[in-house]
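Chain naming here is simple, since letters A, B, ... match the order of the sequence lines and numbering starts at 1 in each.
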Number of protein chains: 4
Amino acid sequence: MVVHARKQPRQPRAKETVRAILEATAQILDRESLDAATTKRIAEVAGVSIGSLYQYFSHRDAILEALQDREFERTLAVMQAVFGDGHIDKAPIETVTAALRGLAQLYSQSPGLHRVLTIEGLRVAKSEHVHAFDRRVIDLVRHFLATIRAPLRVTDLEAAAFIIYQSVRATMLAHLLERPHGLDVDRLIAELTQLITSYVLGSAESRG
Amino acid sequence: MVVHARKQPRQPRAKETVRAILEATAQILDRESLDAATTKRIAEVAGVSIGSLYQYFSHRDAILEALQDREFERTLAVMQAVFGDGHIDKAPIETVTAALRGLAQLYSQSPGLHRVLTIEGLRVAKSEHVHAFDRRVIDLVRHFLATIRAPLRVTDLEAAAFIIYQSVRATMLAHLLERPHGLDVDRLIAELTQLITSYVLGSAESRG
Amino acid sequence: MVVHARKQPRQPRAKETVRAILEATAQILDRESLDAATTKRIAEVAGVSIGSLYQYFSHRDAILEALQDREFERTLAVMQAVFGDGHIDKAPIETVTAALRGLAQLYSQSPGLHRVLTIEGLRVAKSEHVHAFDRRVIDLVRHFLATIRAPLRVTDLEAAAFIIYQSVRATMLAHLLERPHGLDVDRLIAELTQLITSYVLGSAESRG
Amino acid sequence: MVVHARKQPRQPRAKETVRAILEATAQILDRESLDAATTKRIAEVAGVSIGSLYQYFSHRDAILEALQDREFERTLAVMQAVFGDGHIDKAPIETVTAALRGLAQLYSQSPGLHRVLTIEGLRVAKSEHVHAFDRRVIDLVRHFLATIRAPLRVTDLEAAAFIIYQSVRATMLAHLLERPHGLDVDRLIAELTQLITSYVLGSAESRG
DNA sequence: GATGAATGAGAATTCATTCAT
DNA sequence: CATGAATGAATTCTCATTCAT
């Protein structure tokens, strides 16, 4: 899973080192910026030597990719849990709210990390990595839409999933980074739920 | 207009140089990336010397800011035209469609530029520049919502404007950069119109 | 006399331009620093174009050299006046005081200029220009010492002239630049007079 | 001691690198000039890469400051040794001679370095560093004057110390840089001793 | 003559990566 | 394995000088 790792850490000490490196990088991205995440700074914060970075990661970007992996897995896990079979009998509006809640919590834990992931998604040469993640999330959303029993207003589920994914991500991230006053997270989730359900189901259903 | 210009170009040759620098930078941002826009590369593409960059721009970022300015003004002009008095009697759905069309056209002219502007908006230390632009666009949207005659479903217009702005921007940009197959721009505009009108007005009105 | 001048200014307008350039440079050296005296800045302050600088001076340093010339001539003029025949009958202490007074006045008119001239004198490859000036001043001092009628305590007049020149220059300049509190210029002159006459004549004579 | 060092060199190899950098810089200052001491040139002469300069010094000037420190400490050590308790019973003329001898030796070891230090003292924005050194040397001289048992001719010891410091420094440095023929260092010291003692004590005492 | 736009060599500094210890 | 000193390509920016208008 850790694609670019130079060597799989097997010993406890090695695992701890890898964990420290990823934690340090996440912290720097969260509190500072992508530019601040130099190898020197990561090594400092992690409390290891620069050499150790290259023991486990072939190049600097591999560290970021490993972090992406971790965050991608967490995000997908949250969505899979919400969209899982257990929720198929609930009202769509509740599933949507649950998904948004889960995402909001995830984002708020490391907004800087998601900020960087979004920026990566804006690169011209977007990595396969990032592309595959987008694909998987959109597939999950599309699948969710397809399993809604109520009549849908939207017909092109692929397009709808794409739009919903982009809208939710951008809005949540902007909210977290800018913290516009007078708009707390619960209210944001309520509004986004409204946005999505109105779009997908039409107002009657979303009201009911 | 060129806020950070070191010197206002007076002679024709000078104006041409400034134009070449901005054009070159826009092209690099469009086709490559923000990182690729080094002073060396910009000068090369513009066909001028590095020194000439600094005749008219105090530092590298000032070139980007000048480009931002240009794009900000264009964007605001489009929106002001659409939201202007002439449209107050039209159905909201038409105004929304017109605005989205205008934006889509603008974005498609220089997607890379808007990509960079979006990235700038994701920086920890977002510049006053970028912030002010976001503010003005959201104000325009809010004002538009406030002048709709039909009964609104949303109550917090500030929140609604914020969500709409972020959603439209992210979706349009992602569409332009990824070009998801099977989703042409007209369809995208139709879907986004649906998204917005359903959210703001409820389905009955948006259908009508 | 203006050694490096590219062309002798003959027309009134041209003379005025040269004057403006030298004045501007002197002002910048006085108020700012040697580094601040860029061709761009000199042209700005002088109110001429950069091109005009090169109309009259072959290269930037030629401007500084012309300034040196001017200052060197002034300095030598002051000393020649004091050490001239008229003063041969006065007491040495009075001549020394008069010379110091003249120099103090000259230095205070443009301390920054003399600062730069001193720095030039500290360059490894001191220009012939600067060297020749040092030589001439020391010759003047030596000649003055040789014409004193009272018995001298010093025997090596060349050495004495060298020491006196360096001491006076450094002390006066440091005084002007640092303005040590509690030491006004009259007091400084009195002290330096004491320093020199005691050294050259011994205390009995310097007291008388 | 190395105030601006970025990192304290611990390993032998590192110490050797720092030493090489300082040695190279001193050599360039001695044989060439302050302007010649570019980072590229220092690295070349030191036989290290430019990057290594920045391992140990935060910026170019920090290298010069480290050199200054080294020289300041040496200079003060020489003067403290001479003006120390052991010399209080000796004749002032001997203490002055000893001090001048010590300084002459120090200056002759690295004239270029002292040249640069003097130039730094002539900068408009003289660094606190340099200023503090001047202050300390003048304080030492003043204290020495105050402890002389013989009756002094000078009354303002602060002014006298200032004048003596500037005169000795400038004269010794000029002597070293210009090497005026017919004036060897012993003779220079004798003359400067004469200059100082005559000034401070009057000729009778300085003769005895 | 006068102008000032254009030039480009050269300066300081950063940072991912390597490798001897 | 771990370390961190060393590397040097690449970046931004300055400024004396030239030359077309």
If pairing requires Watson-Crick or G-U wobble contacts with both distances under 3.5 Å, which nucleotide is the partner of [N]?
{"N": "F/dT21", "value": "E/dA2"}
{"N": "F/dT12", "value": "E/dA11"}
{"N": "E/dA16", "value": "F/dT7"}

Task: Heavy atoms from other residues, nucleotides or ligands near CZ of A/Arg123 exceed 12 (cutoff 6.0 Å) - done: no
Task: Donor-acceptor pair, side chain of B/Arg70 and main chain of B/Glu65, under 3.5 angstrom - done: no
Whole angstrom value for the distance that separates [atom2] of [N] from [atom1] of [X]:
{"X": "D/Leu53", "N": "E/dT14", "atom1": "CG", "atom2": "C1'", "answer": "13 Å"}
{"X": "D/Glu16", "N": "E/dA20", "atom1": "CD", "atom2": "P", "answer": "19 Å"}
{"X": "D/Gln55", "N": "E/dA16", "atom1": "CD", "atom2": "P", "answer": "13 Å"}
{"X": "B/Ile50", "N": "E/dA11", "atom1": "CD1", "atom2": "P", "answer": "15 Å"}
{"X": "C/Phe57", "N": "F/dT18", "atom1": "CZ", "atom2": "C1'", "answer": "18 Å"}
{"X": "D/Ile21", "N": "F/dA5", "atom1": "CD1", "atom2": "P", "answer": "12 Å"}
{"X": "C/Glu44", "N": "E/dT3", "atom1": "CD", "atom2": "P", "answer": "14 Å"}

TODO: Indicate, with a heavy-atom threshold strictly under 4.0 Å, whether C/Thr17 touches base, sugar-phosphate, or nothing.
DONE: nothing
From [options], nucleotide with atom closest to [X] side chain:
{"X": "B/Arg60", "options": "E/dG1, F/dC13, E/dA16", "value": "F/dC13"}
{"X": "A/Val48", "options": "E/dT18, E/dA5, F/dT3", "value": "F/dT3"}
{"X": "D/Tyr56", "options": "F/dA5, F/dT3, F/dT18", "value": "F/dA5"}

TODO: Specify the residue among C/Gly51 and A/Ser52 whose closest nucleotide of DNA chain F lies further upstream toward the 5′ end.
DONE: A/Ser52
Task: Within residues 32-41 of chain D, residues whose heavy atoms come under 4.0 Å of DNA chain F - done: none
Task: By salt bridge (Lys or Arg N to Asp or Glu O under 4.0 Å) - contacts of C/Lys126 (at least two apart) - done: C/Asp134, D/Glu178
Task: For A/Ser33 against A/Arg115, the heavy-atom pair lying closest together - done: CA-NH1, 4.4 Å
TODO: Identify the heavy atoms of A/Leu53 and A/Thr39 that sit nearest to each other, and give their distance.
DONE: CD2-O, 3.5 Å
Open item on the list: With a 4.0 Å cutoff (strictly under), does any side-chain N or O of D/Tyr54 reach OP1 or OP2 of E/dT13?
Closed with: yes
Open item on the list: Is A/Ser49 close enough to F/dG4 that one of its side-chain N or O atoms is under 4.0 Å from OP1 or OP2 there?
Closed with: no
- [ ] Could you tell me which residues satisfy side-chain hydrogen bond (donor to acceptor under 3.5 Å, both in side chains) with C/Ser52, sequence neighbours excluded, listed by chain and number?
- [x] C/Ser49
Task: Euclidean distance, A/Ile119 CD1 relative to B/Thr118 OG1, rounded to 0.5 Å - done: 10.5 Å
